[in-house]
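Input: one structure, supplied below.
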Amino acid sequence: MKLSENTADALRNTLTVLLPLLLLYSKLPQMAVGMSVGALLISLTDLPGNRRAKTRSALQCISIFFW
């Protein structure tokens with residue numbers, strides 16, 4: 001079964017958000033939630049496009065994270 005690039009990206013982003021939460025929540029709940037939220041915010045910057053557009057959107061998202 002061959003996944004499209006968009007499907008593979010969505011699956012990867014979902015796993016990077018959920019895995020820390022599922023693996024760490026029972027022992028370190030604050031760290032698990034923090035890591036999952038951080039992974040979610042970072043995955044929002046992973047948009048399709050050329051390098052310049054990706055850099056611009058990453059910088060905009062980073063500034064919004066601290067706002």
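Side chains included, hydrogens not; waters and symmetry mates left out as well; all remaining heavy atoms used.
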What one should report as the nearest heavy-atom pair of Ser43 and Leu40 is OG-O, 2.8 Å
List for me each residue that meets side-chain hydrogen bond (donor to acceptor under 3.5 Å, both in side chains) alongside Ser4, sequence neighbours excluded, and say none if there are none.
-> Thr7
Where Val17 and Ser36 come nearest, the two heavy atoms and their spacing | O-OG, 2.8 Å
Met31-Leu21 co-clustered via ILVMFWY side chain contacts under 4.5 Å = no
Nearest 0.5 Å please: distance from the CG atom of Asn13 over to the CD1 atom of Ile42.
-> 11.0 Å
List the atom of Ala39, the atom of Thr16, and the distance in Å for their closest heavy-atom pair.
-> CB-O, 3.4 Å
